[in-house]
Amino acid sequence: MHGGRDWPGDEVITTPITFAASANCALYCGARPVFADIDPETYNIDPRSIQEHITAKTKAVVAVDFTGQIVQVEEIRKICDEHGLIFIEDAAHSIASTYNGKQVGNLADLTCFSFHPVKTITGGEGGAVTTNREELYKKVALYRTHGITKNPRELQERTPEDGSWYYEMQELGYNYRITDIQAALLVSQLKKLPRFAQVRKKDCEEV
Ligand SMILES: Cc1ncc(COP(=O)(O)O)c(C=O)c1O
């Protein structure tokens, strides 16, 4: 996602064993995806290889929970903290997974979920981003809807003459809104998540 700025020269470290989207998000921003190696046991990104690929241009790590196995969160967190990088977790495959008792969505700076029809739960299409960092939440919320805010606490140029309809476009954003119809389907799918996740895990174990 990007807010109308390009970041040429920036680098984002990710894994080559994933769907195209995990690297494309860097390209959308004008950044360069850099592929680290994987751990042959889990097929997930190898933290040691992340470390080896860091340069002065690195800004973020996109780690993918391949087939639902959570990445090595603590090691990646440590590397990101040491180098001032944003830790993004692609949780398209891991929506019901936990790590040391903590639910996915709570582990990285930003976690991305997919509700494509082949995923554990679906809204027909669509996705979600979770974060516990308020400044990142504000950016995601702004980019989601054309960079526009009506939040009175965030308005910068409102005058007493402006009406209640007043809003500001503060970034170049997008229409990334999910429809109410998709959201209604997702609410019912969420109730079935534990069952769907259990069936999927059993199917994987049997392969
Ligand atoms: C690992 C991974 N990341 C990202 C995506 C992209 O999801 P979406 O098409 O909902 O944006 C997928 C979809 O298959 C995926 O498997």
Side-chain angles (χ1 to χ4, degrees), residues 1-94 97 99-100 102 104-114 127-147 149 154 156 169-174 176:
M1 207 174 346
H2 89 91
R5 286 172 302 232
D6 283 325
W7 289 280
D10 282 1
E11 294 175 354
V12 174
I13 298 176
T14 190
T15 165
I17 305 297
T18 181
F19 181 63
S22 317
N24 285 351
C25 56
L27 293 170
Y28 296 146
C29 305
R32 190 168 78 90
V34 173
F35 295 107
D37 264 336
I38 56 158
D39 176 337
E41 290 293 316
T42 62
Y43 291 12
N44 275 343
I45 196 165
D46 182 344
R48 282 168 306 182
S49 184
I50 295 176
Q51 185 82 54
E52 284 163 17
H53 284 82
I54 290 173
T55 71
K57 297 172 180 173
T58 311
K59 293 293 182 310
V61 172
V62 176
V64 181
D65 300 326
F66 192 65
T67 68
Q69 300 176 93
I70 304 266
V71 291
Q72 288 172 260
V73 172
E74 278 154 27
E75 289 82 349
I76 298 173
R77 173 83 278 159
K78 189 162 175 279
I79 293 168
C80 287
D81 287 349
E82 274 169 18
H83 296 271
L85 311 177
I86 302 273
F87 176 10
I88 301 167
E89 187 174 359
D90 179 337
H93 299 177
S94 62
S97 301
Y99 181 90
N100 290 344
K102 250 180 139 182
V104 68
N106 250 325
L107 306 169
D109 293 314
L110 292 158
T111 309
C112 309
F113 296 95
S114 166
V129 179
T130 59
T131 182
N132 287 322
R133 287 181 52 178
E134 194 177 2
E135 77 283 14
L136 294 178
Y137 159 74
K138 282 185 179 161
K139 282 205 163 176
V140 172
L142 208 54
Y143 291 152
R144 175 184 58 186
T145 183
H146 299 286
T149 182
E154 286 165 9
Q156 293 164 5
M169 184 187 126
Q170 297 178 340
E171 291 270 1
L172 180 59
Y174 300 88
Y176 280 165

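- Two residues are said to be in side-chain contact when any heavy atoms from C-beta on lie closer than 4.5 Å; N100 and K102 fail this criterion.
- Note: D39 CG to I17 CD1 = 12.0 Å, rounded to the nearest 0.5 Å.
- Using a 4.5 Å heavy-atom cutoff, the side chains of V12 and P33 are not in contact.
- Of the possible polar contacts, none joining the S97 side chain to the I70 backbone as a donor-acceptor pair under 3.5 Å is found.
- The existence of a salt bridge linking R48 and E52 is excluded, since no basic side-chain nitrogen approaches an acidic carboxylate oxygen closer than 4.0 Å.
- For D65 (side chain) and H93 (main-chain N/O), no donor-acceptor pair under 3.5 Å exists by modelled atom type.
- Annotation: the span from T130 atom OG1 to D109 atom CG amounts to 10.5 Å, rounded to 0.5 Å.
- Remark: Q51 CD to E75 CD distance equals 11.5 Å, nearest 0.5 Å.
- Here the shortest heavy-atom pairing between C29 and C25 reads SG-O, 3.4 Å.
- Distance check, rounded to the nearest 0.5 Å: CD of Q72 to CD1 of I45 gives 10.5 Å.
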* Asked: Can F87 and V71 be said to form a side-chain contact (heavy atoms from CB on, under 4.5 Å), step by step?
  -> CA-CA 11 Å; F87 176 10; V71 291; 4.2 Å; yes
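- By the 4.5 Å heavy-atom criterion applied to side chains, N106 and N132 are counted as neighbours.
- Of all heavy-atom pairs between R133 and E135, the closest is NH2-OE2, 2.6 Å.
- The local environment of CD in E82 is crowded, with over 12 non-hydrogen atoms from other residues, nucleotides or ligands closer than 6.0 Å.
- Residues T145 and Y176 have side chains not in contact (no heavy-atom distance under 4.5 Å, counting atoms from C-beta outward).
- Side-chain contact between Y43 and Q69 is absent, with no heavy-atom pair separated by less than 4.5 Å.
- The heavy-atom pair separating E89 from A108 by the smallest distance is CB-CB, 3.6 Å.
- Between V61 and I79, every side-chain heavy-atom pair lies at or beyond the 4.5 Å cut-off.
- Closest of all the heavy-atom pairs between E11 and T55 is OE1-OG1, 2.9 Å.
- Taking CG of D10 as the reference point, atom OG1 of T58 lies at 9.0 Å (rounded to 0.5 Å).
- A donor-acceptor contact shorter than 3.5 Å links the side chain of Q170 to the backbone of E154.
- If you take CG on L142 and CG on L172, they are separated by 10.5 Å, rounding to the nearest 0.5 Å.
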* Does the side-chain contact (heavy atoms from CB on, under 4.5 Å) test come out yes or no for T15 and N44, once each step is laid out? -> CA-CA 8 Å; T15 165; N44 275 343; over 6 Å; no
* Before giving the answer on side-chain contact (heavy atoms from CB on, under 4.5 Å), spell out for T149 and K138 the whole-Å C-alpha distance, their side-chain angles and the decisive distance to 0.1 Å. => CA-CA 10 Å; T149 182; K138 282 185 179 161; over 6 Å; no
* Could you walk me through whether I54 and I13 pass the side-chain contact (heavy atoms from CB on, under 4.5 Å) test, one step at a time? => CA-CA 8 Å; I54 290 173; I13 298 176; 3.8 Å; yes
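- Shortest non-hydrogen contact noted between S114 and A92 is CB-CB, 3.9 Å.
- Looking only at distances, a side-chain donor or acceptor of S49 sits under 3.5 Å from a matching main-chain atom of D37.
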